[in-house]
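Report on the following structure.
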Amino acid sequence: MSDRQNHKPETGAFFQRDRDWHAPALTPGYKTSILRAPQKALLSLDNTISEITGPVFGHSMLGELDNDLIHNFAKPGESAIGERIIVHGRVLDERGRPVAGALLEFWQANAGGRYRHKKETYLAALDPNFGGCGRTITDDEGYYFFRTIKPGAYPWPNGVNDWRPAHIHFSIFGHGFAQRLITQMYFEGDPMIWKCPIVNTIPDRRAIEQLIAPLDWSNTIPMDARAYKFDIVLRGRRSTFFENRPEGN
Amino acid sequence: MVQELGYLKETASQTAGPYVHIGLTPNFCGIPGVYKSDLGASMVNDKTLGQRITVKGRVIDGAGMPLKDALIEIWQADAGGLYNSPAEMRGTADPNFTGWGRCPTSAEDGVFTFETVKPGRVPFKDGRLMAPHITFWIVARGINIGLHTRMYFPDEAEANAEDPLLARIEYRHRAETLVAAGTAPSYTFDIHLQGEKETVFLDI
Ligand SMILES: [Fe+2]
């Protein structure tokens, strides 16, 4: 909370979402969307105070290992199995400004492509030292980082032989509830990205490329962990040119 | 040629998938010990001002089945009509009320439950008061981008009748999809993804 008290609060409405850039609700190649996609037109309107505002999460809520998936579920002295990686980047808004104090939560399969979930049926083994969730909050410049193992690819029931490319799920909380976003990060060089029905719900290739984190050789830690850089962009806030003055003033 | 605007594009949304509960409510889904408690599990404490209410509901798909793998977040004003947010310039909200809640739908019957307070009225952009409402955000497997909607109260007919957002709904019977059932302090708000009773979702 203290991070943001130094800044003048921003109260502008958010840029309208570009609905042609995001996946549409109905994407038959991703079968589950068929019965879960709203069929009627969305009601479009400008933000009100109910969407411009949003809760604040303070750094004080974070535990020491929250951003370390290699250790946050592991027994003392042990660690998760897999390729050690650092994921880092910035949360920016559409105006290119850093989003400080953004809450990022992430979840992923283990190195074998298995999730720790009772509905998960893939035969790959569970790792007793890997839970699969973590979180962090961006600093004043919008930076974040966490440590994990590279998740494995996994098969899923959609087509007969559909596989998810290796990915990390991200949930991002910016400054206004209208910015709320969930997405997935992919890894540079993975040929499976372009075969995935969930990736391909997104109509614009550039929007998909924006989800692929490049290997960041410069930030790779020798003899320890490779780095991947993943920047996230949230909706920008409109300037409050004349809006904060009640009529007549 | 003109100057470039230089804006970035918003990161594209992707479905929360079947295991969103691992990431957002790990204690609920059998991954204890990473966090002390699940975020958003509690919105109130014993000092919170206002009328306590319970909001229960389900998210129902086009085949009439409740989603058991969905996650719901809500955001609302406090009893006095103030948001607990730095962007709230009209005053200071009740410090004992977060205004934000998060709840998974249950694996058994798909029900979500929020223990909260009835929100006060907040102004629309032109200063008119909106009716008391709770903002809902729904994510799940099969939903490519989180769905925004609002819940209004059945015992606020007068305020609902003058609410600027409800007034924008062209087909009047569809406005009822945003009004909960029940009476204070227990309300039910079922969200229908498709069909006759499809909830009005917002591009906001
Ligand atoms: Fe996944």
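Here is how names work: the chains are called A, B, and so on, in the same order as the sequence lines, proteins then strands, and each is numbered from 1.
With a threshold of 4.5 angstrom between heavy atoms, B:Val200 approaches chain A through side-chain atoms but not through N, CA, C or O. Using a 4.5 Å cut-off between heavy atoms, B:Leu165 contacts chain A through both its backbone and its side chain. Proximity to chain A is limited to the side chain of B:Phe124, based on heavy atoms less than 4.5 angstrom apart. For A:Thr201, the part lying under 4.5 angstrom from a heavy atom of chain B is the side chain only. With a 4.5 angstrom heavy-atom cutoff, B:Ile145 touches chain A only via side-chain atoms. In this structure, the portion of A:Asp93 lying under 4.5 Å from any heavy atom of chain B is its backbone and not its side chain. Within the 4.5 angstrom heavy-atom criterion, atoms from both the backbone and the side chain of A:Ile198 approach chain B. Heavy-atom distances place the side chain of B:Tyr83, and not its backbone, under 4.5 Å from chain A. Looking at B:Glu73, both its backbone and its side chain come within 4.5 Å of chain A, counting heavy atoms on both sides. Within the 4.5 angstrom heavy-atom criterion, no atom of B:Pro164 approaches chain A. In this structure, the portion of B:Met130 lying under 4.5 Å from any heavy atom of chain A is its side chain and not its backbone. Contact of B:Val59 with chain A is not made at all, since no heavy-atom distance falls under 4.5 Å. In this structure, the portion of B:His133 lying under 4.5 Å from any heavy atom of chain A is its side chain and not its backbone. Of the two parts of A:Leu92, only the side chain, counted from C-beta on, holds a non-hydrogen atom closer than 4.5 Å to a non-hydrogen atom of chain B.
Annotation: maximal heavy-atom pairing with chain A below 4.5 Å, among B:Leu5, B:Ile134, B:Leu39, occurs at B:Leu39. Contact count against chain A (heavy-atom pairs under 4.5 Å) is highest for B:Thr15 among B:Leu147, B:Thr15, B:Val139. Contacts with chain B were tallied for A:Arg95, A:Arg180, A:Gln210, A:His117; A:Arg180 has the most, counting heavy-atom pairs under 4.5 Å. Contact tally against chain A (heavy-atom pairs below 4.5 Å) for B:His192, B:Gln76, B:Arg150: the top residue is B:Arg150. When B:Thr149, B:Ile169, B:Val122, B:Leu67 are compared by the number of non-hydrogen pairs under 4.5 Å with chain A, B:Leu67 comes out ahead. The residue among B:Lys9, B:Glu88, B:Lys125 with the most heavy atom pairs within less than 4.5 Å of chain A is B:Lys9.
A salt bridge is defined here as a Lys NZ or Arg NE, NH1 or NH2 lying under 4.0 Å from an Asp or Glu carboxylate O, and A:Arg97 with A:Glu10 meets this definition.
Counting heavy atoms from C-beta outward, B:Phe97 and B:Asn84 have side chains that stay 4.5 Å or more apart.
Other residues, nucleotides and ligands place more than 12 heavy atoms under 6.0 Å from the CZ atom of B:Arg172. With a 6.0 Å radius and a threshold of 12 heavy atoms from other residues, nucleotides or ligands, A:Met61 has its CE atom above the threshold.
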Exercise. May I have the step-by-step check of ring pair (Phe, Tyr, Trp, His ring centres under 6.0 Å) for A:Tyr30 and A:Trp156, ending in yes or no?
Key: CA-CA 11 Å; A:Tyr30 175 25; A:Trp156 60 297; 5.7 Å; yes

